[in-house]
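Here's the structure we're looking at; comments come further down.
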Amino acid sequence: MNFRGLLSIYLKPQWRRVTLLTVLLLCGIGLALVNLQVVRFFIDTALGASHTQSAVSTSLLVGAIVFLITAFARQGIGLATDYLGELIAWKSTNALRADLTLHCLRLDMPFHQLHAPGELIERIDGDVAELGHLLSAFIAQIAGNGFLLVGVLIALFSEDWRIGLGMTLYVVTALAVLSRLQKLGVREWEASQQADAAHYSFLEERLLGTEDIRSAGAERYILARLHQLTMNMLGAYRKARLISNMTNVATGGLHAMGYAIGLGIGVWLYQAGQISIGATYLIVAYIALLAAPLDSLRRQVQSLQQAGAASRRVAALFAEKPAVQEAHSSVAATLPTGALAVDFQGVTFRYDHAASLALDDVSLHLEPGEIVGVLGRTGSGKSTLTRVLFRLFDPQAGVIRLGGVDTRSVSMSDLRARITLVTQEVQLFDASIRDNLALFNRTINDAQIETALRALGLWEWVQARAVNDAVEPHTPSMLNQKLGGISAGQGQLLALARAFLKNPGLVVLDEASARLDPGTEQMLDQAISRLMTGRTGIIIAHRLRTVQKADSIAIFEHGRVVEYGRREALAHDPDSRFNKLMQTGLDDWLDGESASMAGVTPRANGDEV
Ligand code: ATP
Ligand code: MG
């Protein structure tokens with residue numbers, strides 16, 4: 001898809017406006033040409049001897065009025081075309097922005113890991129802004145100037161074919177020469193900008209290091225270096241400016257040549273008695289009209305090239321396809337209702353470019369309503385398990401079934417409606433409490449939210465956290481207010497409420513590893529118990545209390561399940577890892593590796609303060 005392709009896609013829905021704009025542009029150009037005809041009439045009438053005195057002054061008056069009307073109408077139309085051109089450009093680029101944003105939101109995790117948010121912002125906004133800029137310029141200026149050029153040439157032809165021909169030859173030559181001149185000096189300007197940039201970065205760095213520079217007494221050295229840089233700037237700028245001026249002079253010379261040709265032919269025709277003095281004026285005025293479009297067309301050619309690059313980048317972004325392919329809607333299976341059975345069979349997964357497997361032949365089975373507690377040190381693959389379940393990534397081998405259905409045959413929307421993932425990092429939005437809980441879903445009403453919060457035992461807690469700052473001022477409901485600052489554990493409480501509102505058949509909870517205060521911990525426990533009632537659950541546990549809720553336990557190590565069984569049985573088996581874990585305490589076990597990796601050693605003596 002190139003610039004023309006993008007133009008046609010985003011201009012098509014606005015064809016009415018585009019047509020109106022074209023008509024207005026043509027009218028404006030028509031008026032500009034007519035305006036000069038009036039002047040010609042003026043001159044010829046004033047000089048004409050064949051009329052009586054009073055007839056002459058009446059026609060002059062009429063001419064003056066027509067001239068004024070066309071002049072004002074031209075201004076009005078100019079305003080309208082500018083407005084319409086901008087409107088069309090904004091509407092289409094906003095549509096393009098929306099499409100790109102949606103596209104990026106739909107792209108999967110591998111894409112988002114490769115592209116930082118800042119880069120995407122630049123591509124969604126920067127490139128599109130450049131395109132939009134050109135779009136408005138393109139419509140209003142390129143098209144307008146092109147029309148004007150053609151209009152003037154037609155008008156000249158209609159005066160006299162010889163003058164028309166002469167000026168057409170001139171315009172073609174001038175366009176060719178101007179586009180050559182345009183390319184001159186580009187390199188010099190780049191060098192000048194480079195010199196500026198070097199100067200600024202030097203200044204920034206030295207100003208930041210003021211303290212060090214002064215303490216080292218290096219001011220004189222800095223000034224000498226600055227002098228060098230400013231001299232470079234001057235040299236580069238002088239060169240670029242000189243070339244620019246030369247091209248300006250050449251452009252001016254070209255225009256003067258146009259005048260000379262036009263005037264020469266005009267005078268020759270006038271002397272031969274073929275045209276009037278008014279027509280001669282008209283020809284010269286038309287040639288003056290040519291200068292502006294010639295110049296701006298030359299400049300637009302350059303922005304067209306820039307837009308070419310921007311539209312290529314936009315097209316490349318559009319061409320990004322998610323690696324995780326959605327099941328085709330016509331063949332998509334549906335998940336059963338109620339609590340879902342979960343079946344991992346030989347699931348193996350490696351992140352792109354990773355040296356080792358993140359999941360290595362993982363098999364787990366959960367009956368509907370069963371809760372498995374997943375334990376493992378940091379980096380053992382627990383979160384990865386939830387990501388492949390949620391199809392943020394597809395495993396390289398193995399099958400995942402929900403309620404007996406392969407997740408790859410289910411539509412993403414169905415899958416994500418029936419599973420809820422409560423991650424370690426909960427994203428809160430700068431929005432009201434209700435929007436944060438219902439995730440902007442307007443079909444969930446306040447009563448449902450209140451019921452959910454009460455069911456989880458969180459109603460009073462949320463109430464206490466509402467900041468007295470209503471997002472929607474005319475509705476006094478607490479839910480329309482914003483939330484105050486939230487800790488990681490508190491974020492999880494809200495995420496549980498979100499999950500409850502979705503009413504899923506499977507809840508996957510990746511517990512925050514942050515330490516919780518006892519009050520929050522108790523509330524979290526209660527809320528988790530209530531959320532899990534009647535649902536299948538996978539809980540990645542970082543606390544002993546959460547593990548107690550599980551029916552079975554899976555212990556991960558380096559992506560493998562190294563122990564898997566009923567919790568009761570494992571707890572009573574003196575040789576099981578789980579049993580040992582319960583003895584040493586989960587925190588110690590989880591901390592063990594990271595503490596030794598960080599080289600933390602207990603303090604040898606206690607007299608440090
Ligand atoms: P934690 O307890 O700290 O949350 P975890 O068990 O959830 O750890 P995972 O996030 O599943 O660990 O990571 C498993 C392994 O995969 C780790 O070695 C990690 O470095 C690697 N890994 C995780 N995410 C990515 C990624 N996006 N790209 C490449 N490697 C990754
Ligand atoms: Mg994790």
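In this chain, residues are counted from 1 in sequence order. Both counts, for ligands and for their atoms, begin at 1 and track the order of listing. Everything numeric here is computed off the predicted structure, so don't read it as measured data.
- Using a 4.5 Å cut-off on side-chain heavy atoms (C-beta onward), Leu506 and Leu340 make contact.
- The distance from atom CD of Gln492 to atom CG of Asp510, rounded to the nearest 0.5 Å, is 7.5 Å.
- Protein residues are said to neighbour a ligand when one of their heavy atoms lies under 4.0 Å from it; for ligand 1 these are Gln113, Tyr351, Ala358, Arg377, Thr378, Gly379, Ser380, Gly381, Lys382, Ser383, Thr384, Arg387, Gln424, His542.
- The pair Arg545-Asp525 meets the salt-bridge criterion, with a side-chain N (NZ, NE, NH1 or NH2) lying under 4.0 Å from an Asp/Glu carboxylate O.
- Using a cut-off of 2.8 Å, one finds that Thr384 contributes no N/O/S atom close to the Mg ion (ligand 2).
- For the atom pair CZ of Arg350 and OG of Ser356, the computed distance is 7.0 Å after rounding to the nearest 0.5 Å.
- Each salt bridge (Lys or Arg N to Asp or Glu O under 4.0 Å) pair with one or both residues in residues 353-364, not counting sequence neighbours, appears once here: Asp360-Arg560.
- Put simply, the residue from Val405, Asp394, Val388, Asp406 that forms a side chain to side chain contact (heavy atoms under 4.5 Å, CB included) with Ile400 is Val388.
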